[in-house]
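Note sheet for the following structure.
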Amino acid sequence: MNSNLFPQGFVWGTATAAYQTEGAWDRDGKGISIWDTFSHTPGKVENGDTGDVACNFYNLYKEDIKLMKSLGYKAFRMSISWPRVFPEGIGEVNKKGIKFYRKVLKELKDNDIITTVTLYHWDLPQALQDKGGWESRKTAEAFSEYADLCFKEFGDLVDYWITFNEPFVTAFPGYLFGNMAPGIKDMNAALLTVHNLNLAHGLAVKKFRKYDFNSKIGTANCRSWAVPDNLQSPSDIYAARYADEMYYFSFMDPVMLGQYPSSYYETICRFKLNIVISKEDLEIISQKIDFIGLNYYTRMLIRYDKKAPLGFSEAKGPLEKTEMDNEVYPDGLYYILKDLNKRYGSVPIYITENGRATTDKVVDSKIDDLDRIKYLKQHFEVSAKAIKEGVNLKGYFVWSFMDNFEWAHGYTKRFGLVYVDYKNQKRIPKASAYWYSKFIRESS
Ligand code: IFM
């Protein structure tokens, strides 16, 4: 494809997250997170895998950044582990944690790599979970203190801040389906979590605005293009809209429009939940943000299913699947970009995650991940088309820089541009890593 279809200054980067890559789960004063607890609980993660060592980024960050630089990747998105800087979630600060992140960010800056920091990529301090987790408003308040500490300690080194990554995963798989940490199955808790996560986001943005930084702040949600499984079925049509509203718009509408979508209130009524949303909270949540982060992977075929917790389930589609069993559907990204542009105006959008898992085989020290190259190419193409049609898309972060701990799937799924041999922590750039490198070079 023609790399000149993207404007000058377009931000080309890669993304990772703390729990998935850092390791050093109990080193240098770090507190325990809900993912440490979850992964150490037998039966929760495939093969009993944990993030104890992960990619050992904690010790290998210099080599990883050097590799990133040599590949010409312009930006890096990483997350901060809340319990590494606040072992108990609030109160005493772990100076060694602060020192670690300053070293990483400084190394990125010294290599002219644009820094993007996610404050919450799912690893809540266990100490806060023990006090009620995201069901408690106090956790939202603690988050704003944690965010404030990060702004103060790292603000001079960060270009883009992202408050939350995919909050729907915390609320639904985390608090309703129970297949992700903290592994709870409770409708009231899930819908309260939605609100407290939104509130935490708004409180953090308010803190951010007190500083005179040159940096920008936004939030990153994942949206799959929701399609009714049976286009002739009114209940599937209803369910698809409902799924989109619950998973995506329950987070983005309060931020961008200062109101929840009707499905959120409908659910509170349907399940007779004990949740009241105040006007004051909506004002806090709807602080102006500088950009929308969009994570896109696939479409979801939705059908009405009265036995499922929320009344819908996902059907298996006919298209090519990735190793995550996701359909490859680049057009969904195009539709979403156009739709967001229409719904929220021309606010800058960054694709904060996009990529696919492949079955990678090392042959003669090489990995020919042609499916990943094809996938990225197709998604870049539709992005270029959206830009041409007026969408204010400013950057793209491929998920992921390297293979890493894929949550409940453990190490069985590989999303990296760079292969990680977990036996010896050797990194091998895959064919896609070189392809992306060339693409960036030609478009700059
Ligand atoms: O690995 C995850 C990431 O942590 C959040 N977004 C989706 C990725 C792939 O499943």
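For ligands, and for the atoms within them, numbers begin at 1 and follow the listed sequence.
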Tell me, with the steps shown, if Q126 and D36 meet side chain to side chain donor-acceptor pair (under 3.5 Å). CA-CA 8 Å; Q126 182 62 43; D36 293 315; over 6 Å; no
Pairing residues for D403 by the salt bridge (charged side-chain N to carboxylate O under 4.0 Å, His left out) criterion, not counting sequence neighbours: R414, K430
Applying side chain to side chain donor-acceptor pair (under 3.5 Å), run through E389 and Y334 and close with a yes or a no. CA-CA 10 Å; E389 293 173 16; Y334 169 76; 2.5 Å; yes
If I apply the N/O under 3.5 Å rule, does H121 come out as touching ligand 1?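 Checking ligand 1 against H121, an N or O pair does fall under 3.5 Å apart.
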Is any N or O atom of N404, backbone or side chain, closer than 3.5 Å to an N or O atom of ligand 1?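 There is no such contact.
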Considering heavy atoms of the protein only, find what lies nearest to atom 5 (C) of ligand 1 and give residue, atom and distance to 0.1 Å.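 Going by distance alone, atom 5 (C) of ligand 1 is nearest to E353 OE1, 3.3 Å.
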What protein heavy atom sits nearest atom 8 (C) of ligand 1, and how far off is it? Y297 OH, 3.4 Å
What residues, two or more places apart in sequence or in another chain, satisfy ring-ring contact (aromatic ring centres under 6.0 Å, His included) together with F151?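 Listed in chain order: W161, F208.
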D159 and K109 ion-paired at < 4.0 Å: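 So D159 pairs with K109 through a salt bridge.
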Ionic contact status for E327 with R299, cut-off 4.0 Å: yes
Out of curiosity, is N165 lining ligand 1, as in a heavy atom under 4.0 Å away?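 A heavy atom of N165 does come that close to ligand 1.
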Numbering as shown, the atoms of ligand 1 that approach F415 to under 4.0 Å (heavy-atom distance): 9 (C), 10 (O)
Near E406, which atoms of ligand 1 are under 4.0 Å from a heavy atom of that residue? 1 (O), 2 (C), 9 (C), 10 (O)
Ligand 1 versus E166, non-hydrogen atoms closer than 4.0 Å: side chain, backbone, both, neither?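 Near ligand 1, E166 shows its side chain, while the N, CA, C and O stay back.
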